[in-house]
J.: 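There's a structure below that I have some questions on.
Order of the sequence lines sets the chain letters (A, B, ...), proteins ahead of strands, with each chain counted from 1.
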There are 2 protein chains.
Amino acid sequence: MKNQGADILKGSSLSVTSSRKAILDIFLGSDNALAHQDIENIAKQYDRVTIYRTLQTFLEKGIIHSIPTTDNIIKYALCSDMCITTGHHHDNHVHFLCDDCGKTVCLDEVSIPNVNLPKGFVKKEINMVVNGICNSCQK
Amino acid sequence: MKNQGADILKGSSLSVTSSRKAILDIFLGSDNALAHQDIENIAKQYDRVTIYRTLQTFLEKGIIHSIPTTDNIIKYALCSDMCITTGHHHDNHVHFLCDDCGKTVCLDEVSIPNVNLPKGFVKKEINMVVNGICNSCQK
DNA sequence: AGTATTTTGCAACAAAGTTGCAAATCCAAT
DNA sequence: ATTGGATTTGCAACTTTGTTGCAAAATACT
Ligand SMILES: [Mn+2]
Ligand SMILES: [Mn+2]
Ligand SMILES: [Zn+2]
Ligand SMILES: [Zn+2]
């Protein structure tokens, strides 16, 4: 756990730079998905463009996945080990967006149910986002 | 079917203006969901701001619903009659985004399967978007 | 340590979305 | 049909978000 970030980067054959380590550490230390803007607010020392490019690189390498939300803000969260080792995404879990606190979380233990499409449609990827009240906003 | 647009507007207690009629007609005549930009390209005579505000109004009145897509472009599609008459959304269908032609369609006949959330999470709304190849792009 | 390759920050730009306000339009009452 | 009040629109100005080219800096490799 000492240099987890650097290890992940090396494992994805990315050079280890301070911005990549910093951004990866932010994800490793967060329990919810983050928007570009969140990263910008936390890692203020890095240029906006660098953050865009880093998120793009992480997506391509399967280090993070993106979550399309109803409020038009893409959020990003760490992928499971399998995405990272194989280099492509195996994220089949449901995402939850809390209408109260605004946090988006990966429900890793809830897998997306199968669905039958009409004839002629070929499914490649499914996204399921549930809105509501999260467990920590429940009174 | 003569003045369908105007009727929908009146039914939602909105004043009937030329921009609202025009934008509503675009939806009525389209078989796929449209992005803000699509509307702008078709209804060139209206101001960008008017289109933003009109889409917002239509959303609030339950005339259209929005579809969060993986490519960070919100698309809009007409709601079923029930949304319009009750004034809030009853859209429980799956959406399909074609990776080939880029079109987003409502699969009105495919309803979103139920999913069990962990203890403490309360579900209010579910979105399910499937990516892949649509029926008309199939060779 | 020296060099080739990759990454970063900056500047400049393009696209997307927001707000205030005055003019135009709409609607309902006369 | 005309009028007056309320709503909607277009415009201008602005903020936020995302993109691109390029030189300087950092990284990886020998
Ligand atoms: Mn996730
Ligand atoms: Mn739909
Ligand atoms: Zn919450
Ligand atoms: Zn298609």
J.: Say whether, by atom type as modelled, one donor and one acceptor occur between the side chain of A:K44 and the main chain of A:N41 under 3.5 angstrom.
T.: yes
J.: Assign A:R20 to base, sugar-phosphate, or nothing according to its heavy-atom contacts below 4.0 angstrom with the strands shown.
T.: sugar-phosphate
J.: Does a donor on one side chain and an acceptor on the other come within less than 3.5 Å for A:K123 and A:N116?
T.: no
J.: Would you say B:Q37 places a side-chain N or O within less than 4.0 Å of OP1 or OP2 belonging to C:dA15?
T.: no
J.: If I take atom CG in residue A:D47 and atom C1' in nucleotide D:dA25, what distance separates them, rounded to the nearest angstrom?
T.: 14 Å
J.: Atom NZ of B:K61 and atom C1' of D:dT8: how far apart are they, to the nearest Å?
T.: 14 Å
J.: If the cut-off is 4.0 Å, is B:S15 near the phosphate of D:dT7, judged by side-chain N/O to OP1 or OP2?
T.: no
J.: Calculate the interatomic distance between A:Y46 atom OH and D:dA26 atom C1'; express it in whole Å.
T.: 12 Å
J.: Nearest-Å distance, NZ (A:K10) to C1' (D:dC29)?
T.: 15 Å
J.: Is the backbone N or O of A:L9 less than 3.5 Å from a side-chain atom of A:R20, with the two atoms forming a donor-acceptor pair by type?
T.: no
J.: Would you give the length of the straight line joining atom CG of A:D25 to atom CD1 of A:I8, rounded to the nearest 0.5 angstrom?
T.: 9.0 Å
J.: Between the side chains of A:Y46 and A:T54, does any donor sit under 3.5 Å from an acceptor?
T.: no
J.: Quick check on the helix from C:dA1-D:dT30 to C:dT30-D:dA1: what's the angle between its two end axes, five base pairs per end, to the nearest 10°?
T.: 40°
J.: With a cut-off of less than 4.0 Å, is there a side-chain N or O of B:T17 near OP1 or OP2 of D:dT9?
T.: yes
J.: Would you confirm whether A:S12, through its side chain, and A:L14, through its main-chain N or O, come within 3.5 Å as a donor-acceptor pair?
T.: no
J.: Quick one: the side chain of A:R48 and the base of D:dG18, do they pair up donor-acceptor inside 3.5 Å?
T.: yes
J.: Counting only side-chain heavy atoms from C-beta out, which of D:dT20, D:dT9, C:dT7 sits nearest to A:V49?
T.: D:dT20
J.: How many whole angstroms separate atom CG of B:L9 from atom P of C:dT25?
T.: 18 Å
J.: Write down the distance between CD1 (A:I51) and C1' (D:dT16), rounded to a whole number of angstrom.
T.: 15 Å
J.: Can a donor-acceptor pair under 3.5 Å be found between the side-chain atoms of B:R53 and the base atoms of C:dG17?
T.: no
J.: Suppose we call two aromatic rings close when their centres sit under 6.0 Å apart. Are A:Y76 and A:H65 close by that rule?
T.: no
J.: Taking side chain to side chain donor-acceptor pair (under 3.5 Å) as the definition, give me every residue that meets it alongside B:N127, ordered by chain and number, with sequence neighbours left out.
T.: B:E125
J.: Does B:N72 have a side-chain nitrogen or oxygen under 4.0 Å from the phosphate oxygens OP1 or OP2 of D:dT17?
T.: no
J.: Separation of A:Q56 atom CD from D:dG18 atom C1', in whole Å?
T.: 11 Å
J.: Within this structure, what is the CD-to-P distance between B:E60 and D:dT8, rounded to whole angstrom?
T.: 11 Å
J.: Which nucleotide in the list C:dT7, C:dA16, D:dG10 gets nearest to the side chain of B:Y52?
T.: C:dA16
J.: When you measure from the side chain of A:T54, which nucleotide among C:dT8, C:dC27, C:dG9 comes out closest?
T.: C:dT8
